[in-house]
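Since the model is a prediction, treat every value here as computed from it, not as a measurement. In the text below, chain A, chain B and the rest are named by the order of the sequence lines, each starting its count at 1. Hydrogens, waters and symmetry mates play no part in the numbers below; they use all other heavy atoms, side chains included.
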Amino acid sequence: MSQKCHRVIHWFRKGLRLHDNPALIEACKDASELYPVFVLDPWFVTNSNVGANRWRFLAQTLDDLDKQLKLLKLRLFVVRGNPETELEKLCKKWKITKLTYEVDTEPYAVARDERVGKTMEDLGVSVIPCVSHTLYDVHSIVKINGGKAPLTYQSFQTAASRLGPPPQALPAPTLQDLPGCRNLASDAHGKEFEIPSLTELRVCESDLGPNLYPGGETEALDRMERHLKKVNWICSFEKPKTEPNSLLPSTTVLSPYLKFGCLSARLFYHKIINVYKGKKHSQPPVSLIGQVLWREFYYTVAAVTPNFDKMEGNPVCKQIPWQENADHLNAWKQGRTGYPFIDAVMTQLRQEGWIHHLARHAVACFLTRGDLWVSWEEGQKEFEKLLLDADWSLNAGNWMWLSASAFFHQYFRVYSPVAFGKKTDPNGDFIRKYIPVLKKFPAKFIFEPWKAPASMQQAAGCIIGKDYPKPIVDHDVVRQKNIQKMAAAYAKSKSSTSETNKNGHKELSSKKRQSDDVGDGPSKKKKKS
DNA sequence: TTGCCGTTGGGCTA
DNA sequence: TAGCCCAACGGCAA
């Protein structure tokens, strides 16, 4: 029988949930006192690139977390300040002997946790980090892949499959898991630890969109269960066949919940597997399981690649001479490019904080290699601000993918800002919803209203160039030019790579081949039927 | 060293 | 609707 001897802080960062939270279970194990803590850094509130909708999502999530903790007769302590100094103060004040938290592989978090670890060591506090944000410990995937990041989905899948299925999700702790743990709901929890209000988070009411995706574990689990009930839909899900511009989301929109850890990726994974049992179902990379694996793929590469969110100094990223153009960038951000499909998607993003994956493809391609030739880092920043699901590893990885800077290289495949949206929404209802000034245009012209005769523009009550912008670039022209520029950038990178290789300085490819392990892994080669 | 093939392109032709 | 062209990429397995 373990003795109740520890005074414990469980530090919530991501992993804002009670289910499948091994670090929280560790915290409960032998706690005589348990303090669930979330640290809100005021510096971050003022200086970070977080939009209003995501702040609201976080506030709702913390509120829900506090409600769940109350059922365990605990409270969430939201602490204001720098995590390192605040945790040190609290450890002294509460005489803490143990700190638990979920592993975070993002570089800023790794550095922060290292510093906290040193402080804890000085204080004699034992630190227990547990992996539960990702399916696996991503470093074990790297290890099994010969010590380097897998750069294709297939090589990632091969490595991951050698680890077997991910661990089962743990149940949430119950009151029975905390016998003898002091009830903290009443005594230590003062006004200073309240859930932050939107005012405190400096959220402007006018920046908030409709609350379509409320934050929190409760909502996450409900949302997941609602989708799991649609057995045929789950089994036949193929991402490329879902529609980027349907008026109701054609995918689960669980991504914001996975980002904050309101939902465990492992729980979702095993729930899907359970629905599959005995049934024919789609396969990765297009299946729902495939989507969870994509997340894992980017987390894995991001964890071991320096400067993953930048072009310079990033060894997996092609160096491409993007050009600054404040007017074009701004038009893209504001949904004023003159291409209604692009502008509708950007408007949905700004208002609602979520857009379909393929819509992200279209606008990302448009900003970078397709049309505007503006750096993917600029797009990354805007997504980081506006997406509820903005996830550092996935955001950077996907921007590199779409700009053909890494992972994806067929740069001559360019999305048309006109044709792509038409395929799944020929009537342009999506455009009519998000760009109401265009709603009276006939379907024939709504994707390219500048082609409508003047009389028709008059009748629609929208003169192009006055009430709605003319296209800021001619897609057919810039597309051609940009493909040439991509070819040049690729050629240049190829010659510089072979130069560095000759000199033996190239970081990634100079790693010595470990000759003998080729061929003894399971062959993933699959023939298409 | 070589050949295969890659979550999701577009547009034309048959 | 399928297949081809565009112009021809790069990681990876053999």
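- Taking the P atom of each, B:dC5 and C:dA7 are spaced 24 Å apart, rounded to whole Å.
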Give the table of side-chain donor-acceptor pairs shorter than 3.5 Å for residues 410-419 of chain A, with sequence neighbours excluded, one pair per line with atom names and distance.
unit_1, atom_1, unit_2, atom_2, d
A:Y415, OH, A:H361, ND1, 2.8
A:S416, OG, A:V418, N, 3.1
A:S416, OG, A:A419, N, 2.8

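- For the strand DNA chain B, secondary-structure stems (runs of at least three Watson-Crick or G-U pairs, all distances below 3.5 Å) span B:1-6 with C:9-14, B:9-14 with C:1-6.
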Audit row: A:H133, A:D104, side chain to side chain contact (heavy atoms under 4.5 Å, CB included) steps and yes/no: CA-CA 7 Å; A:H133 189 63; A:D104 187 335; over 6 Å; no
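- Side-chain contact check for A:Y339 and A:D371: no donor-acceptor pair (N or O, by modelled atom type) lies under 3.5 Å.
- Closest to the side chain of A:T152, from the set B:dG10, C:dG11, B:dG6, is C:dG11.
- If you check every strand for non-hydrogen atoms under 4.0 Å, A:Y153 touches sugar and phosphate atoms only.
- Of the P atoms belonging to B:dT7 and C:dA13, the separation is 13 Å, rounded to the nearest Å.
- Note on A:V286: a base of the nucleic acid sits closer than 4.0 angstrom, heavy atoms only.
- For DNA chain B, the residues of residues 358-370 of chain A within the heavy-atom distance limit of 4.0 Å (strictly under) are A:L358, A:H361, sorted by number.
- With sequence neighbours excluded, no residue satisfies ring pair (Phe, Tyr, Trp, His ring centres under 6.0 Å) with A:W55.
- Remark: of the listed residues A:R223, A:K230, A:Q291, A:H227, A:H227 is the sole one forming a side-chain contact (heavy atoms from CB on, under 4.5 Å) with A:T252.
- Interatomic distance, A:E382 CD to A:E384 CD, rounded to the nearest 0.5 Å: 11.0 Å.
- Counting non-hydrogen atoms under 4.0 angstrom, A:F407 reaches nothing in the nucleic acid.
- Listed by residue number, the members of residues 239-255 of chain A with any heavy atom below 4.0 angstrom from DNA chain B are A:K239, A:P240.
- Judged purely by distance below 3.5 Å, without hydrogens or angles, the side chains of A:Y213 and A:N53 never pair a donor atom with an acceptor atom.
- B:dC4 and C:dA8 have their C1' atoms separated by 14 Å, with the value rounded to a whole Å.
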Where protein sits on nucleotides 2-9 of chain C, one letter per nucleotide: B base, S sugar-phosphate only, - none, heavy atoms under 4.0 Å: ------SB
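- Side chains of A:K271 and A:N274: no donor on one and acceptor on the other come within 3.5 Å.
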